[in-house]
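Lettering of chains follows the sequences in order, A, B, ..., and the numbering in each one begins at 1.
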There are 2 protein chains.
Amino acid sequence: MQKEVTIYDLARELNLSPATISRGLKKSTALNKSTVQRILAKAEEMGYRHNNFASNLRNKRTKTLGIIVPRLNSYFMTSVLAGMEDVASKEGYDLIISQSLEKSELEKSNANTMFNKRIDGLLISLAYNTTDLTHIQPFFDRQIPVVFFDRSFPGVESTSVVIDNYQAAYKATAHLLEQGCRKIMHLTGDLTRDIYADRLKGYKDALDEYNIPFDQKRVVTSTLNEQDATNFANAILAMDRAQRPDAVFCANDVSAVYCMVQLKQHGIRIPDDIAFVGFNNDAVSRMIEPNLTTIDYPGNKIGEVAVSCLINLLKGDENVKNTNRIILHSSLLVRGSSLKKK
Amino acid sequence: MQKEVTIYDLARELNLSPATISRGLKKSTALNKSTVQRILAKAEEMGYRHNNFASNLRNKRTKTLGIIVPRLNSYFMTSVLAGMEDVASKEGYDLIISQSLEKSELEKSNANTMFNKRIDGLLISLAYNTTDLTHIQPFFDRQIPVVFFDRSFPGVESTSVVIDNYQAAYKATAHLLEQGCRKIMHLTGDLTRDIYADRLKGYKDALDEYNIPFDQKRVVTSTLNEQDATNFANAILAMDRAQRPDAVFCANDVSAVYCMVQLKQHGIRIPDDIAFVGFNNDAVSRMIEPNLTTIDYPGNKIGEVAVSCLINLLKGDENVKNTNRIILHSSLLVRGSSLKKK
DNA sequence: TTGTATGCGTTATCAC
DNA sequence: GTGATAACGCATACAA
């Protein structure tokens, strides 16, 4: 281990006090411009590296943000993280990232770990089956700011950065209705997650707008994974003609794709027999044939906004503190899977 | 900000010295068992949290490992990270994760950031176009251990955790040959990355084994992304019948899938006209029809091994220091895309 | 087995 | 403008 250069070394070399060096390094305006220049130059020359630990110890801040996500393996999540990393690093914050793998248990344990690591703030997108926020309570208790993104919690006092899932689902469903579909099924996730509840509501209201009676049997709740999507497809295949849907609106792209694969293997033509709309604009939506119509929304932006928001909270910004929801724009990308030939 | 409990608080409560508390907290065997118990109990009771910063400052270690990956958005990478997180957290290490997005420039800047954050060790999978290791030199200079995984660098003195890409590619190609394919094309990535060079070699040697002359025109280098895969497919479509391949071996699944999609849209039947083999066992390999034959290898395991290795290095383990490559097992998963009907 | 004293590198509070 | 000093919380060499 090589010896590290400290402010004392710089002080000695420049015949200044460590205090002055410390100020110079952060370009304090209370110092002579020329002094600052000399200090910066010397630091560069001697290969000085700021020591976060001493600094954190002194400041009682860790300059670290914790992130808990359900999974990292979607294009959406990757974009979110990229956006977060971008803003965070500009503001000098580190990120600690962990996955809950959609399990509430793991989410709790991750939150606990982060609490013990004394992160300055937490960014979290909830797991499927998280039904309470007791594991977040320690953060609330210590006034450590928490920002929810994408998957939030109803009625929570923290800020949430989300899209208008209701609106997006409404648009998706209305699009199918415009294509002439009348028996539209909806494959959704756990309805305790507000994003899925909101999407269901959008679906319902669109039907209502077109005077199609809502039918509970047309809504299927699942984990949206490969197995469930295939099961869902099999259920459709088992229906008699009169029952069969002429369209399916899935709450994510992955489930839509697996479902389409299964249906196609059994001779269902898409979109002629059944039209499809997904959600997320994942890469897979462009791999399936026909390409999947889906809802696109900006992961990057969500990440950027969430971190900015958190950092403003850390700075004690009162405006942010009173902001409950930040809603970002989403749009419908129409592709082959939902375009009925006229 | 609530006041934190320190070892001094515990010392006062228990009428012991801070030194004893410090020892007790790490269950030093030099202490009375009962003393340790009392300390642990009190710590629990008072809500004591260990302060990493004070500890790191004292120890001159950060207990943080840096990870640089090309991208986070594949199932493989997610598995690798999960494996890394698992072992690292068991050993009390934090992870800082960053993406190079396949750009050497970004990789350099990330490495630099991590160097300045004083990570104890670095885990890196190189970007496509990284041709030198000058950005890693500072780590070598300061004897900060570096472990390469998946994508390594030829001739580097550090340990690498990889699979036998040569063997895997050999198996993949031999499988196609056994299916009766004779005009096998290979879509590969940047050949400066040894994994792609090795795969090419495996492809060549398998051909050789079957006495098929190697033809440079049958090998296409690309970035393996959506656009390149589609272009590659178009090039195949533009060939006259005699030239057209009867099989394609792609260096990853994503390119194979995009290529298949494009070919299918132009009436090519898979596997009858052209058989396909990919690499990675990504989720998309099971979304395409027919399902893609691919090479499966354990991301989790690679992550676990890489971190164990790095931690042993940090402990000064000489055996690891002298280990140049750790090679993990991979296997061929045969699926519809390469199974010619007899 | 436990206690004393000190330093890790930085920064904030006073001084001057 | 700049300097002296203490404090952040922990861990270790040395004493007892």
Side-chain angles (χ1 to χ4, degrees), chain A residues 1-40 42-43 46-64 92 94 115-120 142, chain B residues 1-40 42-43 46-64 92 94 115-120 142:
Chain A
M1 192 70 168
Q2 224 161 311
K3 245 194 299 295
E4 294 281 350
V5 179
T6 73
I7 55 172
Y8 291 101
D9 300 321
L10 295 175
R12 196 170 356 87
E13 291 285 320
L14 292 170
N15 282 317
L16 288 167
S17 76
T20 304
I21 304 295
S22 176
R23 293 183 185 112
L25 255 13
K26 28 181 50 180
K27 305 183 181 137
S28 160
T29 50
L31 256 57
N32 247 334
K33 266 197 173 178
S34 65
T35 314
V36 174
Q37 282 315 310
R38 277 170 60 221
I39 292 172
L40 259 24
K42 199 63 169 183
M46 295 182 69
Y48 168 82
R49 298 197 287 168
H50 179 80
N51 187 320
N52 280 310
F53 307 99
S55 173
N56 290 342
L57 177 58
R58 183 60 230 238
N59 290 324
K60 300 185 159 227
R61 284 182 294 109
T62 63
K63 276 286 191 175
T64 300
D94 269 350
F115 181 67
N116 284 323
K117 291 203 190 306
R118 308 186 186 206
I119 54 172
D120 286 345
R142 293 220 188 209
Chain B
M1 191 69 168
Q2 224 160 313
K3 244 195 300 296
E4 293 282 350
V5 179
T6 73
I7 55 173
Y8 293 100
D9 299 322
L10 295 175
R12 198 170 353 90
E13 292 285 320
L14 291 169
N15 282 318
L16 288 169
S17 77
T20 304
I21 304 295
S22 176
R23 293 182 185 112
L25 255 13
K26 30 180 48 182
K27 305 182 180 140
S28 162
T29 50
L31 256 59
N32 246 333
K33 267 198 173 178
S34 65
T35 314
V36 173
Q37 282 315 310
R38 278 171 58 221
I39 292 173
L40 259 25
K42 200 63 170 181
M46 297 182 68
Y48 169 82
R49 298 197 287 166
H50 179 81
N51 187 319
N52 280 309
F53 306 99
S55 172
N56 290 341
L57 178 58
R58 180 63 229 241
N59 290 323
K60 300 186 158 228
R61 282 181 295 107
T62 63
K63 276 284 191 175
T64 300
D94 270 349
F115 180 67
N116 284 323
K117 290 204 190 304
R118 308 189 188 204
I119 54 172
D120 286 345
R142 293 221 188 207

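- Nearest nucleotide to the A:Tyr48 side chain, out of C:dG9, D:dT2, C:dT10: C:dT10.
- Counting any heavy atom pair closer than 4.0 Å across all strands shown, A:Asn59 reaches sugar-phosphate atoms only and no base atom.
- When each of D:dG3, D:dC8, D:dC10 is scored by its nearest atom to the side-chain atoms of A:Leu57, the top-ranked nucleotide is D:dC8.
- In this structure, the NZ atom of B:Lys63 is 15 Å from the C1' atom of D:dC10, given to the nearest Å.
- Side-chain proximity of B:Ala19 to the nucleotides C:dT4, D:dT5, C:dG9 is greatest for C:dT4.
- Taking the side chain of B:Arg23 as heavy atoms from C-beta on, and the options D:dA11, D:dT2, C:dT2, the nearest nucleotide is C:dT2.
- Applying the 4.0 Å criterion to OP1 and OP2 of D:dC8, one finds that B:Asn51 has every side-chain N and O outside that range.
- Between A:Asp94 and B:Lys117, the closest side-chain pair of non-hydrogen atoms falls below 4.5 Å.
- In this structure, CZ of A:Arg49 is placed 12 Å from P of C:dG9, rounded to the nearest angstrom.
- When the side-chain nitrogen and oxygen atoms of A:Asn52 are compared with OP1 and OP2 of C:dG9, none of them lie within a distance under 4.0 Å.
- Between D:dA11 and B:Ser22, a contact under 4.0 Å exists linking OP1 or OP2 to a side-chain N or O.
- Comparing D:dG9, C:dT2, C:dT10 by their closest approach to the side chain of A:Ala54 singles out C:dT10.
- Atom CG of A:Leu31 and atom C1' of C:dT11 are 14 Å apart (whole Å).
- A:Ala11 and A:Pro18 make their closest contact through CB-N, 3.8 Å (heavy atoms, listed as atom of the first residue, atom of the second, distance).
- Applying the 4.0 Å criterion to OP1 and OP2 of D:dT2, one finds that A:Thr35 has a side-chain N or O inside that range.
- Side-chain contact check for B:His50 versus B:Lys26: every heavy-atom pair is 4.5 Å or farther apart.
- Rounded to whole angstrom, the span from the CZ atom of B:Arg38 across to the C1' atom of C:dT1 amounts to 13 Å.
- Here the side chain of B:Arg58 is nearest to one of C:dG9, C:dG7, D:dT2, namely C:dG7.
- In this model, the phosphate group of D:dA11 is not approached by any side-chain N or O of B:Lys60 to a distance below 4.0 Å at OP1 or OP2.
- Evaluation of the side chain to side chain donor-acceptor pair (under 3.5 Å) rule for B:Ser22 yields no partner, not counting sequence neighbours.
- Here the shortest heavy-atom pairing between B:Leu10 and B:Met46 reads CD2-SD, 3.6 Å.
- Using a 4.5 Å cut-off on side-chain heavy atoms (C-beta onward), A:Thr20 and A:Ile39 make contact.
- Distance B:Arg61 CZ to D:dC10 C1': 12 Å, rounded to the nearest Å.
- The CG-C1' distance, from B:Asn56 to D:dG9, rounds to 12 Å in whole Å.
- Every residue two or more places apart in sequence or in another chain that forms a side chain to side chain contact (heavy atoms under 4.5 Å, CB included) with A:Asn51 is listed here: A:Phe53, A:Ala54, B:Leu57, B:Arg118.
- Sequence order on DNA chain C of the closest nucleotides to B:Arg118 and B:Ser17 puts B:Ser17 first from the 5' end.
- A sub-4.0 Å separation between OP1 or OP2 of C:dT10 and a side-chain N or O of A:Ser55 is absent.
- Look at NZ on B:Lys26: it is 7 Å from C1' on D:dA11, rounded to the nearest Å.
- For A:Thr6 and C:dG9, the shortest distance from a side-chain N or O to OP1 or OP2 is not below 4.0 Å.
- Against DNA chain C, the stretch residues 7-16 of chain B makes heavy-atom approaches under 4.0 Å through B:Asn15, B:Leu16.
- One atom, NE2 of A:His50, and another, C1' of C:dT10, lie 7 Å apart when rounded to the nearest Å.
- Across B:Leu40, B:Leu25, B:Ile21, B:Asp9, a single residue satisfies side chain to side chain contact (heavy atoms under 4.5 Å, CB included) together with B:Tyr48, and that is B:Leu25.
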